[in-house]
Amino acid sequence: MEGNNAIGSTAQSASVPASSPCGVGTLGCHLARRLVQIGVKDVFSVPGDFNLTLLDHLIAEPELNLIGCCNELNAGYAADGYARAKGVGACVVTFTVGGLSVLNAIAGAYSENLPVICIVGGPNSNDYGTNRILHHTIGLPDFSQELRCFQTVTCSQAVVNNLDDAHELIDTAISTALKESKPVYISIGCNLPGIAHPTFAREPVPFYLAPKVSNQLGLEAAVEAAAEFLNKSVKPVIVGGPKVRVAKAQKAFVELADACGYPLAVMPSGKGLVPEHHPSFIGTYWGAVSSSFCGEIVESADAYVFVGPIFNDYSSVGYSLLIKKEKLIVVEPNRVTIGNGPSFGWVFMTDFLSALAKKLKKNTTALENHHRIYVPPGVALKREKDELLRVNILFKHIQEMLSGNTAVIAETGDSWFNCQKLNLPENCGFEFQMQYGSIGWSVGATLGYAQAAKDKRIIACIGDGSFQVTAQDISTMIRCAQKNIIFLINNGGYTIEVEIHDGPYNVIKNWDYTGLVNAIHNGEGKCWTAKVKTEEDLTEAIATATSTHKDSLCFIEVFVHKDDTSKELLEWGSRVSAANGRPPNPQ
């Protein structure tokens, strides 16, 4: 107790009032200013008694907008979506009941290398070490359960229950998130945000994050070895992956593509990070479900440069890629490996790609092969009068909606495959969560992305099963006056699961989805809904959403047959099912 009294006396001796929601000198003000400094203008939150005082201080920061979400899971997904558009995101929840609820979203952000600042309002600092049992816990006097859960899905954790080291703990956690491009966890004692302390007596000095510089000798050796490997190959290709984002290497990637003349493909989880308007772009490389003529060019190459890849069971279509390691160069954010070796550490992706671009001979052999064999995609068959809308017709119309002023959010499910086939115009955003694949992610992610990218209109493609998990935060989109267009694809169940392994558990209770959204709207804000069953309905709905209701949230429920899926999902599902169903290895 003496230590806590000491905190109180220190606070009283500071040069600002002991409790002032907007006064410089408090922990709450410092945290709010730090968030603004790193680029966070919107914080997604769910109030709870342990974080209410902290929320007062965040609200008092004029450059910070506090957005209340319907549940913690969606607040976390929103911070994930915000980080994709803005580079960093933040959410605030309450102790344990809120923390364990947001945990799934933070795990997803970790898997996607997104810096999300997860802030939790924690117990009163006096309660630590007292053997007391608190509400919102599992009934034990141990307050570390939440912390231990977050340790595996964040790169840094800070439990702030003493003002003397609060400044250091908060700044270390936030700067680590930015350096590692991973989420962090910060717990703030509920009685601390409004108390002044000398360490917070001035405006926080902006972070200086020293740029990572490659080991020059390693860089030169890696470039020399890679150039020798590629310059003697006949038909090399380049494939971009999801880690291009974390390495901030988009510009260097284009520099390399411009210089070498190789065909340029993208892994499914890297879509949106590679410019599809580039003259060398040939499509998505996804093994057996690649874009037409892309997989053939990549897998027949005698050398391939994979930049920032993630090879998992989903991206490898059940481990069925025809990629030979001896022909492969893997460029990680901080390492380059050529064939079966050598491997060069502390060589950063941006440095390597830029240096390699200057050493490669131009080689357009594989690109010319692609031009020779390429046949444009077929046109959807003529429909019958009043025929139920087909998914391929839906996405033909979505394709026509895309521009540099739009962004696509693809939910886990068949939208993965249909959205992969969209050709993205220059500056058109694209996001989906392939590594973690949490159904329902897109509702919160759309909320967060739209809040960060106000210059774009978001087009979200969401299945009915996924929507049922996280539907509530349509409410928050309306409150924030967002103008997203949501295509709710109603096919009566978990179609992606059906194609992996069918069963009665994949059939869901049908909802009146537009009725639900209208009830949430309740006449407050701008929201428009439509039910679509035919192509005529769809054409009319899109015309209305892009004209009369261009400033409204537009929710379009699209009815399709339960077995109407992309051919890619059929192929992918059977291969993933085979991978999941492998018998145990003999002992």
Side-chain angles (χ1 to χ4, degrees), residues 268 286 288-289 291-292 317 377-401 408-422 432 437 439-440 442-443 459-471 485-517 529-545 554-577:
W286 199 352
V289 295
S291 304
S292 297
V317 198
V379 179
L381 292 173
K382 192 173 188 306
R383 58 187 169 73
E384 300 298 323
K385 188 175 183 333
D386 297 327
E387 178 189 356
L388 187 66
L389 185 66
R390 296 199 303 270
V391 169
N392 55 21
I393 298 285
L394 167 63
F395 279 88
K396 181 187 81 169
H397 285 274
I398 290 176
Q399 175 69 67
E400 293 167 358
M401 299 171 68
V408 177
I409 305 285
E411 176 58 82
T412 301
D414 197 25
S415 290
W416 274 4
F417 302 90
N418 289 305
C419 289
Q420 279 295 326
K421 290 184 278 189
L422 296 172
F432 79 134
I439 65 168
S442 66
V443 177
I459 299 171
C461 301
I462 308 176
D464 49 351
S466 295
F467 185 73
Q468 288 194 6
V469 178
T470 49
I485 300 175
I486 296 174
F487 288 98
L488 186 286
I489 302 166
N490 186 344
N491 56 12
Y494 298 121
T495 303
I496 191 169
E497 312 291 6
V498 168
E499 301 309 332
I500 296 174
H501 184 97
D502 200 6
Y505 31 76
N506 290 325
V507 179
I508 60 175
K509 170 73 175 71
N510 193 34
W511 290 2
D512 178 359
Y513 292 98
T514 55
L516 172 68
V517 173
T529 65
K531 290 183 186 289
V532 164
K533 294 187 176 179
T534 66
E535 186 174 8
E536 288 85 357
D537 295 344
L538 178 66
T539 305
E540 184 180 334
I542 290 174
T544 303
C554 295
F555 184 90
I556 301 172
E557 180 180 1
V558 181
F559 292 86
V560 299
H561 191 278
K562 67 181 181 66
D563 295 324
D564 185 359
T565 69
S566 63
K567 71 179 183 65
E568 290 80 9
L569 174 56
L570 298 176
E571 174 75 23
W572 179 89
S574 62
R575 288 174 182 257
V576 169
S577 176

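Sequential numbering from 1 along the given sequence is applied to the chain's residues.
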Value for OG1 (Thr565) from CG (Asn418), rounded to nearest 0.5 Å, stands at 8.0 Å
Q: Take Leu394 and Asn392 through the side chain to side chain contact (heavy atoms under 4.5 Å, CB included) test and state the conclusion after the steps.
A: CA-CA 5 Å; Leu394 167 63; Asn392 55 21; over 6 Å; no
Does Val560 form a side chain to side chain contact (heavy atoms under 4.5 Å, CB included) with Asn490? I'd like the steps, not just the answer. CA-CA 6 Å; Val560 299; Asn490 186 344; over 6 Å; no
Residue set satisfying side-chain contact (heavy atoms from CB on, under 4.5 Å) with Glu568, at least two apart, ordered chain then number -> Val289, Phe417, Lys421, Ser566
For Thr470 and Gly440 the tightest heavy-atom approach is OG1-O, 2.7 Å
Quiz prompt | Flag side-chain contact, heavy atom, 4.5 Å: Asn491 against Asp564 | solution = no
Between Ala471 and Leu516 the two heavy atoms that sit nearest each other are CB-CD2, 4.3 Å
Notebook entry, point to check: Should Glu571 and Arg575 be marked as a salt bridge (charged side-chain N to carboxylate O under 4.0 Å, His left out) after you check the CA-CA gap, both sets of side-chain angles, and the distance that decides it?
Noted result: CA-CA 6 Å; Glu571 174 75 23; Arg575 288 174 182 257; 2.4 Å; yes
request  = With side chain to side chain contact (heavy atoms under 4.5 Å, CB included) as the test, would you mind laying out the steps for Cys461 and Ile398 before giving the verdict?
outcome  = CA-CA 10 Å; Cys461 301; Ile398 290 176; 3.9 Å; yes
For Glu540, the salt bridge (Lys or Arg N to Asp or Glu O under 4.0 Å) test, sequence neighbours excluded, returns none
Sequence neighbours excluded, the answer for ring pair (Phe, Tyr, Trp, His ring centres under 6.0 Å) partners of Phe432 is Trp416, Phe430
*Report the C-alpha separation of Phe559 and Leu389 in whole Å, then their side-chain angles, then the decisive distance to 0.1 Å, and conclude whether the side chain to side chain contact (heavy atoms under 4.5 Å, CB included) test is met.*
CA-CA 7 Å; Phe559 292 86; Leu389 185 66; over 6 Å; no
Hits for side chain to side chain donor-acceptor pair (under 3.5 Å) against Lys531, two or more places apart or cross-chain, chain-then-number order -> Asp512, Thr514, Glu557
Taken in chain and number order and not counting sequence neighbours, the residues that satisfy side chain to side chain donor-acceptor pair (under 3.5 Å) with Glu536 are Arg383, Thr534
- Task: Let me see the working for Phe395 and Phe487 under ring-ring contact (aromatic ring centres under 6.0 Å, His included), right down to the final yes or no.
- Result: CA-CA 10 Å; Phe395 279 88; Phe487 288 98; 8.0 Å; no
In short, Ala545 meets Ile485 closest at the heavy-atom pair CB-CD1, 4.2 Å
Taken in chain and number order and not counting sequence neighbours, the residues that satisfy side-chain contact (heavy atoms from CB on, under 4.5 Å) with Ser466 are Glu411, Ile439, Ile462
Taking every heavy atom of Trp286 against every heavy atom of Val317, the minimum-distance pair comes out as O-CG2, 3.2 Å
Residue set satisfying side chain to side chain donor-acceptor pair (under 3.5 Å) with His397, at least two apart, ordered chain then number -> Glu535
- Task: For Asp537 and Lys533, indicate whether the former's side chain and the latter's backbone hold a donor-acceptor pair under 3.5 Å.
- Result: yes
Taking the side chain as C-beta and beyond, is there a heavy-atom pair between Cys419 and Leu422 under 4.5 Å? yes
Sequence neighbours excluded, the answer for side-chain contact (heavy atoms from CB on, under 4.5 Å) partners of Ser291 is Thr284, Cys294
Taken in chain and number order and not counting sequence neighbours, the residues that satisfy side-chain contact (heavy atoms from CB on, under 4.5 Å) with Ile508 are Asp464, Gln468, Tyr494, Tyr513
